[in-house]
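Data block below; observations after.
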There are 2 protein chains.
Amino acid sequence: MTLDEAWRILSEHQFKRTKNRETLLEYFAAHDKYMSAMEVRNFMAQDNPGISYDTIYRNLATFSELKILEETELNGERHFRMQCDAKNHHHHFICTECGKTRSISHCPMEIVTDELSGYEVEGHKFEIYGKCPICIT
Amino acid sequence: MTLDEAWRILSEHQFKRTKNRETLLEYFAAHDKYMSAMEVRNFMAQDNPGISYDTIYRNLATFSELKILEETELNGERHFRMQCDAKNHHHHFICTECGKTRSISHCPMEIVTDELSGYEVEGHKFEIYGKCPICIT
DNA sequence: CAAATGAATAGTAACCGTTACGATTTGTTG
DNA sequence: CAACAAATCGTAACGGTTACTATTCATTTG
């Protein structure tokens, strides 16, 4: 997702254009990987040492709800990354070393749903963990 | 997994037979679903009000390492259930209402691995969330 | 363009699941 | 049954997250 798309979504929902949101979105646009809330906070604190936890977590939650960011839980911490491509449902290989991801086009749900008649499926999680080619060496 | 199997594994690894471990294992044997550490603790506190967090978490971790319990993270909390069947790799549908599970035989990794040449795959998570037939009604 | 107003943020403390640790008790082994 | 290591207790600390009030800021409107 581009910065322009993100701002379009935000303004469509009457969210204001603030310095914090600009810095946040630029940070995500420039880092193509999953990052923890704390990583984000540490970065934000560089030019704004007094930034509040409230600001970080509230904006991350907002962006996530608006599908500007993708969210997942790794080792008990929430991690976020810029939405890859809103149009296509997909899954991720996630590098446990650097956090970078690789999209997986195949979705296992197609095969599984008929195994679950009588059940109401609300969601699913399919993630692959390991080392990316760069981190192996 | 039966209680006998669990105790065999424990004694093979020189773990002692304590009252707490007996109560814990009986609880898991009697509840065929994922339960949080707190749920377990609350149950244990019924006949042993002074039971320590240390005891709960240490034993859950031990059981999990020995593959007596299966572990997953739901909504930021660790959940545990008795190991379904140690022999076969499988995945779960998990009811978000009652925690009960249904095994899914199909594993998506078979199809996906050749999409990931150059990557070192260490693990994966595939879980389906929703309502089971009983909780729908 | 200035005042009004509601959103956004700062500063800080509380919360909750989990982990840690010294002191004590318990299970097992010889 | 003595001795020793394992297990537990009681309690405090920890880390990520959430919550709250006062203040600041972005936008709207006269």
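Each chain gets a letter, A, B and so on, in the order the sequences are listed, and its residues count up from 1. Treat the numbers as computed from the prediction; the structure is a model and nothing was measured. As a basis for the values below, the full set of heavy atoms in this structure was taken, side chains included, without hydrogen atoms, waters or symmetry mates.
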*What are the two closest heavy atoms between B:A37 and B:I56, and how far apart are they?*
O-CG2, 4.1 Å

*In terms of hydrophobic clusters joined by side-chain contacts under 4.5 Å, are B:I136 and B:Y129 together?*
no

*Send over the distance from B:F63 CZ to D:dA7 C1', rounded to a whole Å.*
12 Å

Which atoms of nucleotides 14-21 of chain D (N or O only) lie under 3.5 Å from a protein N or O atom, and what are those distances?
from	atom 1	to	atom 2	distance (Å)
D:dT17	OP1	A:R78	N	3.0
D:dT17	OP2	A:Y57	OH	2.5
D:dT17	O5'	A:Y57	OH	3.4
D:dT18	OP2	A:R78	NH1	2.9
D:dC20	N4	A:D54	OD2	2.4

*Would you call the rings of A:F43 and A:Y27 parallel, tilted or perpendicular, where under 30° means parallel and over 60° means perpendicular?*
parallel

_For the residue pair A:K125 / A:T72, report whether a side-chain donor-acceptor contact shorter than 3.5 Å exists._
yes

*Where is the tightest heavy-atom contact between B:C95 and B:C132, given as atom of each residue plus distance?*
SG-N, 3.4 Å

*N/O (side chain, B:N75) to phosphate O (OP1/OP2, C:dG17) under 4.0 Å*: no

*asked:* If the threshold is 4.0 Å, N to carboxylate O, is there a salt bridge linking A:R81 and A:D32?
replied: yes

*Rounded to whole angstroms, how far apart are CG on B:L60 and C1' on C:dT19?*
13 Å

*Taking only side-chain nitrogens and oxygens of B:N59, does any of them come within less than 4.0 Å of OP1 or OP2 of D:dT8?*
yes

*Between A:H124 and B:H91, does the ring centroid distance fall short of 6.0 Å?*
no

_Rounded distance in Å - CD (B:E73) to C1' (C:dT18)_ = 11 Å

*asked:* Applying salt bridge (Lys or Arg N to Asp or Glu O under 4.0 Å) as the test, list every pair that has at least one member in residues 44-64 of chain A; sequence neighbours left out.
replied: A:D54-A:R58

_Without decimals, in angstroms, what is the distance between B:I51 CD1 and C:dT26 C1'?_
14 Å

_At a heavy-atom distance below 4.0 Å, what parts of residues 6-28 of chain A sit against DNA chain D?_
A:K16, A:R17

*Could you state the CZ-C1' distance from B:R58 to D:dT11, rounded to the nearest angstrom?*
15 Å

*Taking only the side-chain nitrogens and oxygens of A:N48, find out if one of them lies under 4.0 Å from OP1 or OP2 of C:dA10.*
yes

*Worked verdict on B:E97 versus B:K131 for salt bridge (charged side-chain N to carboxylate O under 4.0 Å, His left out)*: CA-CA 6 Å; B:E97 197 90 7; B:K131 301 252 186 301; 3.5 Å; yes

